[in-house]
Amino acid sequence: MLMMKNIVITGLGVVTPNAIGCKEFLKALQNGVSGIDEIRSFDTRDYPVHRGGEVKGLETMQLGTDVSSFGRTSRMAVGSVREALEDAGLNDSNMDPKRAGVIIGTTSGEVQAIEAIDEAWATKSELPTHLYRDLACGIVASNISTVFGLEGPTIMIANACSSGNFAISFGCDLIRQGHADVIIAGGADSFSKVALSGFSRVHAVAPEVCQPFDKNRKGIMVGEGSGIVILEESRSAARREAKIYATVLGSGIGCDAFHLTAPDPVGMAKVMRLALADATLDPCDIDYISAHGTGTVANDAAETAAIKAIFKDKATFIPVSSIKSMIGHTMGAASAIEMVACCLSLRHGFIPPTINFQEPDPECDLDYVPNSARHKNLRNVMNNSFAFGGNNASVILGRRD
Amino acid sequence: VTDLDCAALIGSKGLKYLDRLSQFAIAASVLAIQDAGLSLEQQDADNRGIVLGTAFGGLTVQQEINRERVLQGPQWVSPMKFPCTPINALSYQIPIRYQMRLANVTLSCGMNSSLEAFRYATTLLRLHPGGILLCGGADELSFHAYHAGYFLGELAGGCGPEISCPFDQRRNGYILGEGCALMLMETLKEIQRRGQDGLAEVLGYGSCFAPAHADATTRISSFSNAMRMALRESGIEPDQIGFIAASANSSRESDLIEAQAIRRTFKESASEIPIAAIKSMTGEAFGASGAFQIAAAVLALVRGVLPPTIHFEQPDIDCPVTCTREVGKRADVHYAMVNSIDRYGAAASLVLGKIA
């Protein structure tokens, strides 16, 4: 049965287009640093767009293990997990491997391996047979459990762009029903040519910059990265005097059952309402909303409408921002990276900005924290994520006082 | 799967935009809902959901997009196919068709995907006791799955006969299968409130991880721990299990690990429990395999008939298990166990019981 346990976040790890590691990520968020640049890992000559959010300097990250056989998604994830475990102060001496597990959200797993295989197949070249190990995305969580010697649940959630929130929410449930004591939860995805070509084919990729909620927003920026949080039961975290970033107060999940790709404000509002109910909070208790805010015309208008439907006349007083303006859309990693950002915001008392914001849109009339970060003491924050198939998830974090 | 007439089940409208894997999933959803004799419309849309397991998911559609991208150029990829490239795309149409707003969640844990979907669904129902969920798994026999099996040296026929013969001396790899199995899940209370009988009850779950390259002893003890966790959560003793739907897929190593893990968990009674490895008939269907086994276990509980393990002719002394051989073997089963082990090392076990 599910026990009413409080689940807290005790460690963080990130790899994003604008930072490797939390220290750098915090600085980037506070200074509104963009990680969007010309795409360098492949030739974009045949693409209509040439910019994106690639992770730079991954090879410099201390992984502490031989990852030469791992795909890019696994490398980013392993790096983030290592950082998060160190941050949480967890190691062989205080973590029982039998009671520790991992749950990672992803859209496409080791997508670069799949693309390399498909490219060889399409051009009738020699198949890169060593990459077939990476075909099923289960390899990512399995690599993590292998590297860190975890013996507990080893799970991948594939819920496209809301995967990270689904993984974190289910990670809490696994602890509540006694399937583990420590869960490493988050999301990871690599830069995908499928995403770049597909989104640009439907005119959903911005040519220069990602401008969530701006009147002239032109679409997403394809990105990559990984975000990891360490989940533990609050009492056991307190017993070992762990640093506590936040308590996971509640989550709401749902499906629009409406359209493959078009966002539905009703479905978006529903998960926010469910998350508030699960957290037993009123809308006025929320101090900041970390928006899904992809930068597409449809998403940002629908999300704004959904926020207004839930927060009513309070909506204009709640800061809402999208860090996708800085790092682009990191797909399955997005809501997990945003969760890390929320934890940093709670701990350091600030709100990350929505950069590239120039002209307000009458349809998007909330406080989007334009262009510069804001100092603010935060109690409770909401993290939204919406995905293809109308799969939505919203998670609320609170500061522990 | 060669004789699926999806049009007969859902009509031909929109069918040409549905990839093969999505057709499996939607066909299974229609059959499951028909079998339950349930008109879903009577349930609140906010209470209806779907939880699926798949190992490869939208890989075939992704391959088509990649082909278009490479041969015709990135500006010419199909805008209709692109939304179906994520791993979970196979489930997108089902909630729209049946207005399921509770959740649409996909777990992708290789061969364990279905069992993990059942854990997720069980958890979701505990949190949301009024819910009704379609739960199961799907995968298709694709170029990708075939090439992966071939290049990783996992397919039968490389060094021995090309047959699926789990636990048999001649085993030398799996034969690929495909398909989808879905079941409707609700809380017992909710079914009884409607005055209906359920088919079987989900009692307990266990999972453990040991790296695929670890030594056999470590992997055996890990798999055995998963079985014990499932038994403990179910609150039953090992000797109460009357049937095991095995994971064994005719692979040299993982069949042995499972057989030894069963031996370790059930001790002397291991040789008395009938065990069926249905992958002898279905092949290895990855994300669908676990759901096939769960369906077989449910039928054993409900109808008292056990599936055979075909091609089980030359027992291996290192796999000390008693496989069902004859067709239509009858047994009064009260508790059944479903096992699963993934190629990367995760093992899972699920215990089902008859509804008293």
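Protein chains get the first letters and strands the later ones, always in sequence-line order, with residue 1 at the start of each.
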Q.
Is B/N112 in contact with chain A via its backbone, its side chain, both, or neither, using a 4.5 Å heavy-atom distance?
A. neither
Q | A/D118/B/R69 salt bridge by N-O under 4.0 Å criterion | A | no
**Q.** Working for side chain to side chain contact (heavy atoms under 4.5 Å, CB included), residues B/C208 and B/M229
**A.** CA-CA 9 Å; B/C208 274; B/M229 283 161 75; 3.9 Å; yes
Q | Which atoms of A/K98 approach chain B - backbone, side chain, both or neither, heavy atom under 4.5 Å | A | side chain
**Q.** Side chain, backbone, both or neither of A/H259 within contact of chain B (heavy atoms, under 4.5 Å)
**A.** backbone
Q. Between A/I103 and chain B, which part of the residue has a heavy atom less than 4.5 Å away: side chain, backbone, both or neither?
A. neither
**Q.** chain B contact via A/F258 - which portion, at a heavy-atom distance below 4.5 Å
**A.** backbone
Q: Check each atom of A/A160 against the heavy atoms of chain B and say whether the ones under 4.5 Å are side chain, backbone, both or neither.
A: both
**Q.** Donor on one side chain, acceptor on other, A/S385 and A/N165, under 3.5 Å
**A.** yes
Q.
Under 4.5 Å from any heavy atom of chain B, what part of A/L150 do you find: side chain, backbone, both or neither?
A. backbone
(Q) If you apply the rule side chain to side chain contact (heavy atoms under 4.5 Å, CB included), what do you find for B/N88 with B/L52, and how did you get there? (A) CA-CA 8 Å; B/N88 64 335; B/L52 266 183; over 6 Å; no
**Q.** Full working for side chain to side chain contact (heavy atoms under 4.5 Å, CB included) between A/L260 and B/I96
**A.** CA-CA 9 Å; A/L260 239 64; B/I96 295 175; 4.3 Å; yes
Q: Could you look at A/T261 and say if it's the side chain, the backbone, both or neither that has a heavy atom under 4.5 Å from chain B?
A: side chain
Q: Please state whether the side chain, the backbone, both or neither of A/N391 comes within less than 4.5 Å of a heavy atom of chain B.
A: side chain
Q.
Counting only non-hydrogen atoms closer than 4.5 Å, does A/L274 touch chain B with its backbone (N, CA, C, O), its side chain (CB onward), both, or neither?
A. neither
Q. Is the A/F388-A/F199 ring centre distance short of 6.0 angstrom?
A. yes
Q. Angle class for the A/F170/B/Y120 ring planes (parallel below 30°, perpendicular above 60°, tilted otherwise)?
A. tilted
Q) Which bit of A/V194 comes within less than 4.5 Å of chain B, counting heavy atoms only: side chain, backbone, both or neither? A) both
Q) Charged N to carboxylate O under 4.0 angstrom, B/R67 versus B/E64? A) no
